[in-house]
Amino acid sequence: MTEDALPKGYEPREVEQRWCEYWEKSRTFTSDPDGAGEPYSIVIPPPNVTGALHIGHALNITLQDVLCRFARQKGKKVLWVPGTDHAGIATQNVVERALALEGKGRHDLGREAFVERVWQWKKEFGGRILHQIKSLGASVDWTRERFTMDEGLSRAVRRVFVDLYRQGLIYRGKYIINWCTRCHTALADDEVEHSPKKGSLWHVRYHLVDGSGSLTIVTTRPETILGDTAVCVHPEDERYTAVIGKKAYVPIIKREVPIIADNYVDREFGTGVLKVTPAHDHNDWELGWRHNLDTIQVIDENGVMNGDAGPYKGLHKEACREAIIKDLEAADALVLTENIEHSVGHCYRCKSVVEPHVSTQWFVASTKLAPRARQAAPRLTKIWPESWLKTYYNWLDNIRDWCISRQIWWGHRIPAWTCQDCGELIVAMESPERCACGSDRLIQDEDVLDTWFSSALWPFSTLGWPEKTRELEGFYPTAVLVTGFDILFFWVARMMMMGLHFMEDVPFRDVYIHALVRDAEGRKMSKSTGNVIDPIEMIDKYGCDSLRFTLTAFAAMGRDIRLSEERIEGYRHFVNKVWNAARFALMNLPQTPPAPVNLPQVEGLHHQWILHRLETVKEETEAALASYRFNDMAQGLYRFLWNEFCDWYLEFIKPDMREEGFRKQAAQFVLWNVLREILILLHPVMPFVSAEIWQALPGGTGRDIALELFPPLRPACRKAEEASRMDFIQDIIVAVRTMRAELGISPAKKLTCILRPADAAQCALLEQNRQMIEVLARLEKLDIGQGGDIPKASASSVAQGCEVVVPLAGAVDLAAELARLDKELVKLGKELFAVQMKLANQSFMERAPATVVGRERERSQSLVDARIKLEALRQRFANAMEK
RNA sequence: GGGUGGUUAGCUCAGUUGGUGGAGCAUCGGCCUUACAAGCCGAGGGUCACAGGUUCGAGUCCUGUACCACCCACCA
C-alpha cells in the first residue's frame with residue numbers, strides 16, 4: 001500500500017455509492033433469526049410510499065442506524081426492518097391531483113380502476129423513498145422490506161379487525177365525526193388541526209312560544225340554525241331560570257324547540273344562551289344525547305344544504321350563511337354582530353374546514369384498550385426523554401373511541417359484508433360465499449381503514465404475524481422505537497395498545513423521542529414556506545457522513561434542532577479532518593500491520609496519554625449511547641479526534657517517525673491501533689468515510705468495518721495519573737506559543753527557552769520529554785534546570801509552578817511584554833482573591849467536604865507560588881528596561 | 001383553561017449526582033509549520049432572563065415573575 005491509496009481530497013459521492021452497493025449486494029445487514037447473539041431489533045417508522053425523504057426522516061434514520069451499527073459492534077444479532085406506509089388519504093390525494101391534470105376525477109375511473117391507478121403510482125414512485133433511505137447509509141435488512149398493504153400485512157389487518165370485532169372491541173355506530181367535505185371522508189379527532197380564524201359572533205333573537213318574550217343566543221354558524229332542536233341555558237343562571245322548560249321558536253323556520261338547562265353552558269360567554277344543533281356540532285351532539293333531542297341534519301357531505309334546510313336547499317353552506325343573515329335582519333331577529341377570533345378545525349391533509357357530520361362509522365373501543373397501554377410504561381416500555389411519559393399518560397387517560405373508517409378508496413377495505421336480503425352483518429377474514437340465510441347477495445362495506453390502523457400493527461405484522469415465524473419468535477418485542485413526538489398519539493400509543501392486546505407484550509422496550517428539525521429561525525420546515533432543507537441535496541453537496549454527523553451532534557434530547565446548511569458544511573470539515581489524519585497515518589505506516597508492542601508498557605508519555613484518552617472515549621461512547629445521548633457521543637468523538645489525536649498526538653509522533661528502530665515501531669503500532677479504534681467508534685455515525693479508510697489501512701484490505709466488533713477495553717492502559725502529566729508538558733508548550741504570539745515573534749523563528757521547574761519531578765519529566773517541547777514550541781535551544789542564570793531581557797510566564805523564560809534577542813517590543821505580564825498578574829490576583837475569600841470563610845472551612853477544602857488550599861498555594869514567581873520575573877524585566 | 005420545553009459568549013447550542021462557566025461558527029492578530037488553508041498557532045468576548053429561597057457554596061435544587069416556542073382541550 002502506498003500513500004496514494006487515499007486520494008488527496010475525500011470524494012464522498014463515489015465512495016458512498018460504492019459502499020452502498022457493496023453492503024446491499026453482500027447482504028451484510030441481513031439477519032439470521034437463529035444466529036448467535038442477543039437480539040436487537042428495530043422497525044423503521046414507515047415513510048409514506050409516495051413521499052420524498054425530508055430532513056426529519058434523515059434524522060430519524062440516522063439515529064436508528066447509529067444504534068443498529070453500534071449494536072452489531074457489540075456482538076448483537078441485529079434486525080432493522082425497512083418498509084413504507086400506504087398513507088391512505090395522503091396518497092389518494094396525490095393521485096387525485098395527478099388525475100385532475102387530465103381533467104378527471106376518481107369517480108370517472110370508478111373504484112377498481114382508481115385503486116389500480118394508485119398501485120401503478122406506488123410502483124412508479126415507491127422506489128424513490130427506498131432509494132433515498134439507501135443513500136443515507138441505513139443498514140436495514142432489505143430482504144425483509146415490507147409495505148403496509150402487502151399480502152402479509154393485509155392479512156394481519158383483517159385478522160386484527162375480525163378478532164377485535166368478535167371481542168366487542170370494534171363496533172359500528174352512528175356518531176358525529178369530523179368530516180372533510182373535500183376529501184369526502186371521516187377524520188379521527190387527531191387528524192383535525194385547529195387554527196385561529198377571524199369570524200363573527202351573531203346575536204340572534206328566539207321568541208318564546210308562549211309570547212312572554214325572547215331569548216338572545218350567540219352563534220358563529222347561523223346556517224346551522226336550521227338544524228336547531230333546542231335552546232340551552234345554565235341551570236343556575238338566574239336570568240333564565242323562569243324560561244327553562246318553556247319552548248322557543250327557531251327564527252325563520254319557526255320550529256318549536258324546548259328550552260333545556262345544562263351545566264355545559266358557560267354563563268360568561270355571550271348571552272349565556274346556547275342554541276343546540278346536535279347534527280352539526282360535537283358538543284351539541286353530546287347535549288342532544290343527554291337530553292334526548294332530535295337530530296336534524298341540514299348540511300350534506302358536500303357542504304351543501306339539504307332538503308331539511310327548507311328554502312335554503314341547494315345552497316352551499318357559505319352562501320346559506322349569508323342568505324340567513326340577510327333574512328334574520330329582515331325579520332328583526334339579528335340583534336348584534338360581533339367580530340371575534342375563534343379556532344376552526346381543518347383537515348390535516350388538505351387544510352379545508354372540517355365539518356362535524358353525523359354518519360355511521362366503525363370504531364375501536366380505545367377506552368378499553370388504553371389502560372393496559374398506560375400501565376405498561378415505564379415498567380415494560382421506557383420513554384426517553386422521560387418527560388414525554390406525562391404526555392403519554394394524559395392522552396391515554398382522556399382517550400375517546402377511535403373512528404377507524406374512512407370514505408376513501410385507497411387502503412384496507414373493511415372486512416364486513418351486509419346481506420341484502422336479511423340485513424345480517426358479516427365480519428370475516430375472507431369474502432363470504434353466502435349469508436346464513438342462504439342469500440348470496442352480500443355487499444362489502446365501502447369504507448377503508450384509517451392508515452394508522454395498519455401502522456398500529458407494524459411491530460408484529462412486519463415480523464410475520466399472525467404466522468408463528470422465527471422472526472417473531474426471535475425479534476419481538478423490538479429493542480427501541482425511534483420517532484418524533486408529533487406521532488406519539490397517532491402511532492406510538494396505538495402500537496402499544498395493539499401489541500399488548502395481540503402479542504401479550506409491549507412492542508418495544510424503549511421509545512426514543514427525538515427532536516423536530518426546524519429551520520435556522522426555528523420555524524417548522526414546510527414546502528409552502530420554502531425553508532426546507534433537502535437531505536438528498538445536502539448529501540450531494542457535502543456528503544452523507546457530514547449530514548449524519550451534523551444531525552447526530554445536534555440530537556440533544558428534548559430539544560428542537562435548528563438546522564442550517566452552514567452547519568452541515570461545517571461538519572464536512574470534520575469528515576475531511578478524519579480523512580487527512582488517515583492520509584498522514586498511511587504515509588507513516590508500513591504496508592502490513594506493524595509489529596506489535598506491549599501497549600500498556602510502551603515507552604513515551606505521549607503514547608501512554610493517547611492510549612489512556614482512547615480508553616476514556618470508548619467508555620464515554622458506550623455510556624452515551626446506552627442512554628441515547630447521541631450528541632454527547634458525537635461531541636466526544638469530535639474533540640478526541642481533532643483536539644487530541646490530530647492537534648497533539650500526531651504532532652508528537654512526527655519526531656518518532658523520523659527515527660528508525662524501536663521508537664518508530666512503537667509509534668507505528670500505537671498510531672495504527674488508535675486510529676483503527678477511532679474509526680470503529682466513528683463508524684456508526686460516519687459509515688462511509690470510516691469504511692473507506694479502514695480498508696486502506698494496513699490489515700484492512702478487503703475488510704468491511706461494518707463487521708468489526710467494538711474494540712475491547714484495555715484496563716491496563718487506563719493510567720489517569722500518568723496521562724495527566726501530559727497536561728504539564730502541554731501547558732509548557734502553550735506558554736511558549738502564547739508568548740510568541742502576543743509578542744509578535746514569527747513562528748518561523750526558532751527560540752531559546754529556559755525552563756525552571758518547581759521540583760525534581762518536574763525537572764525529570766521535562767528532561768524526558770525534551771524533544772516534544774522543542775519541536776512543538778519550535779525551539780532551537782532548551783535549558784532545563786533549577787539553578788542557572790536567566791537573561792534580564794526575557795519574556796516569561798509560569799506554568800504549573802514552572803518558570804518559562806524566553807530570552808528576547810533583537811528588536812522586541814519590551815513595553816508589550818511588560819503589559820502582558822501585568823495583565824497576567826491582574827488575572828492571577830483576581831483568582832487568588834476569590835480563593836482566599838473562600839478559605840477565609842469560617843463556615844466554608846467547617847462545612848465543606850475535606851476534599852473540596854483541600855483542593856482550594858492547593859489551588860491557593862499554586863496561585864501564590866505563581867504570583868511570586870511572576871512578580872520576580874517582572875521585576876527583573878523592569879530592571880532590564882531601565883538600562 | 002391544562003400541560004411541556006426554553007431563556008447561558010455576537011449567532012446556534014452543550015453543561016447527568018450543586019464545588020474554579022464550555023464547543024462550533026463569527027470576530028481580532030500571526031502563519032504555506034511537507035496529513036489537512038475544508039488547515040495551523042494564539043487572543044478577546046458571559047452579574048448563566050428577572051426576583052426571592054435552600055446551602056459554606058447555585059447555570060445546576062425550590063418558589064414566583066416576564067418573555068418565547070410547542071402540545072392537549074375548548075371557544076356556542
Side-chain angles (χ1 to χ4, degrees), chain A residues 3 6 8-10 189-190 194 196 201-202 217-221 224 232 264-266 269-277 281-284 287 340-344 385 387-388 390-391 394-395 398 485-486 488-489 516 518 520 522-524 542 546 553-554 556 558-564 566-567 569-588 623 627 629 631-632 635 638-639 643 646-647 650-651 654 734 737-742 744-748 775-776 778 831 834-835 838 841-849 851-853 855-856 859:
Chain A
E3 66 191 66
L6 292 181
K8 190 161 163 57
Y10 175 54
D189 292 338
D190 44 19
H194 291 270
L201 192 59
W202 287 279
I217 60 95
V218 292
T219 180
T220 53
R221 301 199 55 198
T224 64
C232 188
Y264 164 71
V265 177
D266 176 0
F269 191 90
T271 57
V273 189
L274 172 73
K275 71 185 207 57
V276 185
T277 323
D281 184 279
H282 290 97
N283 293 304
D284 291 9
L287 277 175
I340 56 153
E341 197 176 79
H342 62 143
S343 101
V344 176
S387 52
W388 284 106
K390 208 168 169 180
T391 312
N394 192 45
W395 192 73
N398 296 301
F485 62 79
D486 48 334
L488 183 63
F489 309 136
L516 228 55
R518 298 173 179 280
R523 296 171 304 181
K524 211 166 172 171
Y542 307 108
S546 310
F554 280 98
R559 264 241 198 179
D560 289 347
I561 300 175
R562 292 194 185 196
L563 192 70
S564 65
E566 291 81 63
R567 308 251 163 118
E569 194 181 355
Y571 278 110
R572 181 179 54 167
H573 300 179
F574 180 62
V575 177
N576 196 248
K577 192 74 181 174
V578 178
W579 182 259
N580 278 303
R583 287 184 62 235
F584 173 80
L586 279 174
M587 290 168 69
N588 289 286
S627 51
R629 285 177 290 116
N631 57 323
D632 283 354
Q635 302 288 357
Y638 184 99
R639 290 185 70 114
N643 302 117
C646 288
D647 288 350
L650 293 186
E651 296 304 323
K654 279 177 180 174
V734 170
R737 284 172 174 173
T738 303
M739 282 189 275
R740 185 196 284 275
E742 293 194 336
I745 302 165
S746 157
V775 173
L776 270 72
R778 306 185 68 77
E831 281 179 49
V835 177
K838 241 182 186 180
N841 185 335
Q842 193 83 35
S843 23
F844 172 77
M845 299 301 285
E846 281 166 14
R847 305 196 190 197
T851 51
V852 174
V853 174
R855 201 159 53 222
E856 292 299 320
R859 199 163 153 248

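As the structure is a computational prediction, the values presented were derived from the model and not from experiment. Naming: A, B, ... by sequence-line order, numbering from 1 per chain. These numbers come from the heavy atoms of this one structure, side chains and all, not from hydrogens, waters or symmetry mates.
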Novice: To the nearest Å, give me how far apart CH2 (A/W395) and C1' (B/rC72) are.
Specialist: 12 Å
Novice: Under a 3.5 Å cut-off for both distances, is B/rU47 Watson-Crick or wobble paired, and to whom?
Specialist: none
Novice: Before you tell me yes or no, could you show the steps for A/F844 and A/V852 under side-chain contact (heavy atoms from CB on, under 4.5 Å), namely the whole-Å CA-CA distance, both residues' side-chain angles and the distance that decides it to 0.1 Å?
Specialist: CA-CA 10 Å; A/F844 172 77; A/V852 174; 4.0 Å; yes
Novice: Between A/W395 and A/L488, is any pair of side-chain heavy atoms under 4.5 Å apart?
Specialist: no
Novice: Counting side-chain heavy atoms from C-beta on, which of B/rU55, B/rU20, B/rG19 comes nearest to A/R859?
Specialist: B/rU20
Novice: Could you check whether any side-chain heavy atom of A/Y571 comes within less than 4.5 Å of a side-chain heavy atom of A/Y542, counting everything from C-beta outward?
Specialist: no
Novice: Nucleotide by nucleotide, 5' to 3', does protein get under 4.0 Å of the base (B), only the sugar-phosphate (S), or neither (-) in nucleotides 22-38 of chain B, counting heavy atoms?
Specialist: SS------S--S-BB-B
Novice: Just do the side-chain contact (heavy atoms from CB on, under 4.5 Å) check on A/R859 and A/E856 with the steps written out, would you?
Specialist: CA-CA 5 Å; A/R859 199 163 153 248; A/E856 292 299 320; 3.9 Å; yes
Novice: Would you confirm whether A/N394, through its side chain, and A/K390, through its main-chain N or O, come within 3.5 Å as a donor-acceptor pair?
Specialist: no
Novice: Write down the partner of B/rC40 under the Watson-Crick or G-U wobble criteria, each distance required to be under 3.5 Å.
Specialist: B/rG30
Novice: By side-chain hydrogen bond (donor to acceptor under 3.5 Å, both in side chains), which residues pair with A/D281, not counting sequence neighbours?
Specialist: none
Novice: Suppose we define a pair by two distances each less than 3.5 Å, Watson-Crick or G-U wobble; what does B/rA73 pair with here?
Specialist: none
Novice: Please tell me which of A/P849 and A/K275 maps to the more 5' nucleotide of RNA chain B, matching each residue to the nucleotide holding its nearest heavy atom.
Specialist: A/P849
Novice: Quickly work out the A/N394 CG to B/rA73 C1' distance and round it to whole Å.
Specialist: 9 Å
Novice: Rounded to whole angstrom, note down the P distance from B/rG3 over to B/rG64.
Specialist: 11 Å
Novice: Which value, in whole Å, describes the distance between the P atoms of nucleotides B/rU47 and B/rA38?
Specialist: 35 Å
Novice: Under 4.0 Å, counting only non-hydrogen atoms across every strand here, what does A/Y542 touch: a base, just sugar-phosphate, or nothing?
Specialist: nothing
Novice: Using whole Å, what does the distance between atom P of nucleotide B/rC41 and atom CZ of A/R740 come to?
Specialist: 13 Å
Novice: Roughly, in whole Å, what's the span from CD in A/E846 to P in B/rC56?
Specialist: 10 Å
Novice: In whole Å, what separates the C1' atom of B/rA58 from that of B/rG42?
Specialist: 34 Å
Novice: Looking only at side-chain atoms of A/F489, point me to the closest of B/rU16, B/rC71, B/rU20.
Specialist: B/rC71
Novice: Using the P atom on both, measure B/rG44 against B/rA51 and round to a whole Å.
Specialist: 28 Å
Novice: Look through every strand shown and name the nucleotide pairing with B/rG24 as Watson-Crick or G-U wobble, where both distances are under 3.5 Å.
Specialist: B/rC11
Novice: Side chain of A/T738 only, please: which of B/rG19, B/rU4, B/rA43 is the nearest?
Specialist: B/rA43
Novice: Name the nucleic acid region contacted by A/V734, choosing base, sugar-phosphate or nothing; use a 4.0 angstrom heavy-atom cut-off, strictly under.
Specialist: sugar-phosphate
Novice: Of the options B/rG42, B/rC70, B/rG19, whose atoms approach the side-chain atoms of A/E742 most closely?
Specialist: B/rG42
Novice: Is the side chain of A/S746 donor-acceptor paired with the backbone N or O of A/A748 at a distance under 3.5 Å, no angle test?
Specialist: yes
Novice: Using the C1' atoms only, state how far B/rG2 lies from B/rA49, rounded to an integer number of Å.
Specialist: 25 Å
Novice: Find the distance A/N398:CG to B/rC71:C1' and express it as a whole number of Å.
Specialist: 13 Å
Novice: To the nearest Å, how far apart are A/E856 CD and B/rG18 C1'?
Specialist: 14 Å
Novice: Could you check whether any side-chain heavy atom of A/H342 comes within less than 4.5 Å of a side-chain heavy atom of A/T220, counting everything from C-beta outward?
Specialist: yes
Novice: Just wondering, do A/T391 and A/F485 contact through their side chains at under 4.5 Å, heavy atoms?
Specialist: no
Novice: Quick one: A/W388 CH2 to B/rG3 P, roughly how many Å, whole number?
Specialist: 16 Å
Novice: What distance, rounded to whole Å, do you find between the two P atoms, one in B/rC13 and one in B/rA69?
Specialist: 14 Å
Novice: Please give the distance between the P atoms of B/rU8 and B/rU60 as a whole number of Å.
Specialist: 14 Å
Novice: Quote, to the nearest angstrom, the P distance that separates B/rU17 from B/rU34.
Specialist: 43 Å
Novice: Can you say whether a donor on the side chain of A/R629 sits under 3.5 Å from an acceptor on the base of B/rU16, or the other way round?
Specialist: yes
Novice: Just compare B/rG3, B/rG5, B/rG19 and give me whichever is closest to any side-chain atom of A/K390.
Specialist: B/rG3
Novice: Separation of A/L516 atom CG from B/rG6 atom P, in whole Å?
Specialist: 16 Å
Novice: Under a 3.5 Å cut-off for both distances, is B/rU60 Watson-Crick or wobble paired, and to whom?
Specialist: none
